[in-house]
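Worksheet: one structure, shown below.
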Amino acid sequence: QVKLVESGGGLVQPGGSRRLSCVVSGGIFSNSVMGWYRQGPGKQRERVAVITSGGTTNYADSVKGRFTISRDNAKNTVYLQMNSLKTEDTAFYYCNVDDDYWGQGIQVIVSS
């Protein structure tokens with residue numbers, strides 16, 4: 001059974017940084033596309049960043065230059081480094097694999 005577990009969320013001040021991690025178990029995902037999505041208060045879920053097995057990345061315009069997605073295939077883990085955080089980045093963040101599997105979500109609150 002595939003399982004995705006996110007960690008690293010919490011409260012952070014505007015301008016601060018946070019790194020999210022997602023450990024995937026129940027299979028081998030070195031050939032999978034892994035990504036991060038988020039859903040803010042009163043908003044639809046949106047794709048934040050994805051990374052292919054070859055390391056190609058793609059970002060939402062709203063996070064370009066501030067967020068970095070990376071992966072460690074040996075650890076079945078995908079990361080999201082978030083810098084220069086803004087209040088509008090407040091959301092539940094979800095890990096995703098191949099558009100098929102989802103984590104339970106983790107909350108990030110950007111507030112002073």
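We're numbering straight along the sequence, starting at 1. Computed from a predicted model, the values in this text were never measured in an experiment.
Contact annotation: the side chain of Tyr59 approaches that of Ile69 to within less than 4.5 Å [non-hydrogen atoms, C-beta and beyond]. At a threshold of 4.5 Å between non-hydrogen side-chain atoms, the residues Tyr93 and Leu80 count as touching. No side-chain heavy atom of Leu4 sits less than 4.5 Å from a side-chain heavy atom of Val23. Between Glu6 and Gln104 the shortest side-chain heavy-atom distance falls below 4.5 Å. Proximity of Tyr94 to Asn96: side-chain heavy atoms (C-beta onward) are nowhere separated by under 4.5 Å. When side chains are defined from C-beta on, Val108 counts as touching Val110, because their heavy atoms get closer than 4.5 Å. Val5 is not listed as a side-chain neighbour of Cys22, based on a closest heavy-atom distance of 4.5 Å or more. At least one side-chain heavy atom of Val24 sits less than 4.5 Å from a side-chain heavy atom of Met34.
No donor-acceptor contact under 3.5 angstrom links the side chains of Ser53 and Asn31, judged on distance only. Side-chain contact, Arg45 with Tyr37: no donor N or O sits under 3.5 Å from an acceptor N or O.
No chain of hydrophobic side-chain contacts below 4.5 Å, direct or via other Ile, Leu, Val, Met, Phe, Trp or Tyr residues, connects Val63 to Tyr79.
Nearest heavy atom pair, residue Val78 against residue Cys95, reads CG1-SG, 3.6 Å.
Aromatic rings of Trp36 and Phe67 (six-membered ring for Trp) have centroids beyond the 6.0 Å cut-off, not under it.
Formation of a donor-acceptor pair under 3.5 Å by the Arg18 side chain with backbone atoms of Gly8 is found in this model.
In summary, Asp89 and Lys86 do not engage in a salt bridge, as defined by a charged side-chain N under 4.0 Å from a carboxylate O.
A distance of 13.5 Å separates CZ of Arg38 from CD of Gln107, quoted to the nearest 0.5 Å.
Within a 6.0 Å sphere centred on CZ of Phe92, other residues, nucleotides and ligands contribute 12 heavy atoms or fewer.
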After noting the C-alpha distance and the side-chain angles of Asn83 and Ser17, does the key distance pass the side chain to side chain donor-acceptor pair (under 3.5 Å) rule? CA-CA 4 Å; Asn83 299 328; Ser17 297; 2.9 Å; yes
